[in-house]
Structures are given as structure tokens and as C-alpha cells.
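Dropping the structure in here first, questions after.
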Amino acid sequence: MQGKLPVENAGSAPLCLFIEPYGEDFWLEPGEAVTVMPVGDEISVQFAVTVAAELVSVWLYEDGDPHKVVSESQVLDASGIPLKCGHQRHDRRIPGALLPPPVKPGASPDISA
């Protein structure tokens, strides 16, 4: 038994789907839908989903136990074809607080942190 999580970008801007624990990113164009699921049929999973502006982060847990992170997952397109990490990434950056703000041209980055 396993679980499947359908994810659809119903917005008007690209959406970053971030799959943990390895930080794999998949970029969904408006109207695009995918399915997140574990690799293999032998485990049952529960999904933990965090949503921020233009970012959805997903963790998979075996039997809903947060101490049993599922590390082997896959993202399938609407036809059932597995997608690779970086799907439609191009030169995009993951939105939100996960990354430091870009350095303005000609400015020195803050290295005191």
C-alpha cells in the first residue's frame, strides 16, 4: 500500500514543488499537475505539506511516523512519466526564506553571519 499526493498549479505564476529530504525541485507552470509518491508499493506514507508564496514543500513519512522519513520518492507528470529533479527550473531560484536574498550588483555580500 502507498499514498499519492496530487499537486496542481492553479495559479498564474510558476510554482516550485520542493521534495524533501534531498531538496529536489520541480517547477510547475500554471495549469500543470503532477503526482508525488514513494518509490515501490511496500510502504504506506503520509505527506506533510508546507505552502508559501510560489513554493510547496513536501515530506513523506512511512506510516505517518515523523521519525521514518521516506527518502525514495518520485514525481510523475499527468501521463505517469517520472520527472527529473530540476524539471523546468531554467534559471529560476527557489522562492522564500530558504535562500539568502540576492546581492545587489556592486555590493559586497554580508559575510558576518
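In this text, all values refer to a predicted model and were calculated from it rather than measured experimentally. Side chains included, hydrogens not; waters and symmetry mates left out as well; all remaining heavy atoms used.
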Practice task
Run through Val36, Val56, Asp77, Ile19 and flag the one making a side-chain contact (heavy atoms from CB on, under 4.5 Å) with Phe26.
Solution key: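 Exactly one pass, corresponding to Ile19.
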
Exercise for the section: List the atom of Pro21, the atom of Ser71, and the distance in Å for their closest heavy-atom pair. Expected result: CD-CA, 4.1 Å

Practice task
Return yes if some donor-acceptor pair links the side-chain N/O of Asn9 with the main-chain N/O of Leu28 below 3.5 Å, else return no.
Solution key: yes

Exercise for the section: Look only at the side chain of Gln88 and the backbone of Trp27, and say whether a donor-acceptor pair between them is shorter than 3.5 Å. Expected result: yes

Handout entry: Contact summary for Ser73 and Glu24, nearest pair of heavy atoms
Key =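 Taking Ser73 first and Glu24 second, the nearest heavy atoms are OG-OE1, 4.5 Å.
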
Handout entry: Stepwise side chain to side chain donor-acceptor pair (under 3.5 Å) check, Glu32 with His87
Key = CA-CA 12 Å; Glu32 186 175 6; His87 172 70; 3.0 Å; yes

Exercise for the section: Of all the heavy-atom pairs spanning Pro30 and Ala13, show the shortest one and how long it is. Expected result: CG-N, 3.8 Å

Handout entry: For the student: nearest non-hydrogen atoms of Met37 and Gly3, plus distance
Key = CB-O, 3.6 Å

Exercise for the section: Measure the CD-CH2 distance between Gln46 and Trp59 for me, rounded to the nearest 0.5 Å. Expected result: 14.5 Å

Practice task
Specify the closest pair of heavy atoms between Ala48 and Tyr61, including all atoms of both residues, with the distance to one decimal.
Solution key: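 Heavy-atom minimum between the residues: CB-CE1, 3.5 Å.
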
Exercise for the section: Give the intermediate values and the outcome of side chain to side chain contact (heavy atoms under 4.5 Å, CB included) for residues Leu76 and Ile81. Expected result: CA-CA 5 Å; Leu76 308 176; Ile81 298 170; over 6 Å; no

Exercise for the section: May I have the step-by-step check of side chain to side chain contact (heavy atoms under 4.5 Å, CB included) for Thr35 and Val75, ending in yes or no? Expected result: CA-CA 6 Å; Thr35 301; Val75 176; over 6 Å; no

Exercise for the section: Verify, without hydrogens or angle tests, whether Asp63 (side chain) and Asp65 (backbone) share a donor-acceptor contact under 3.5 angstrom. Expected result: no

Problem - From Leu17 atom CG to Glu8 atom CD, the distance as rounded to the nearest 0.5 Å - result: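 Leu17 atom CG to Glu8 atom CD measures 13.0 Å (nearest 0.5 Å).
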
Practice task
Of all the heavy-atom pairs spanning Leu15 and Glu54, show the shortest one and how long it is.
Solution key: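 Looks like CD1-C, 3.5 Å.
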
Exercise for the section: Supply the atom-to-atom distance Asp25 CG to Ser57 OG, rounded to the nearest 0.5 angstrom. Expected result: 11.5 Å

Exercise for the section: Kindly compute the distance separating CZ (Phe18) from CG (Leu55), expressed to the nearest 0.5 Å. Expected result: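 Those atoms lie 7.5 Å apart.
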
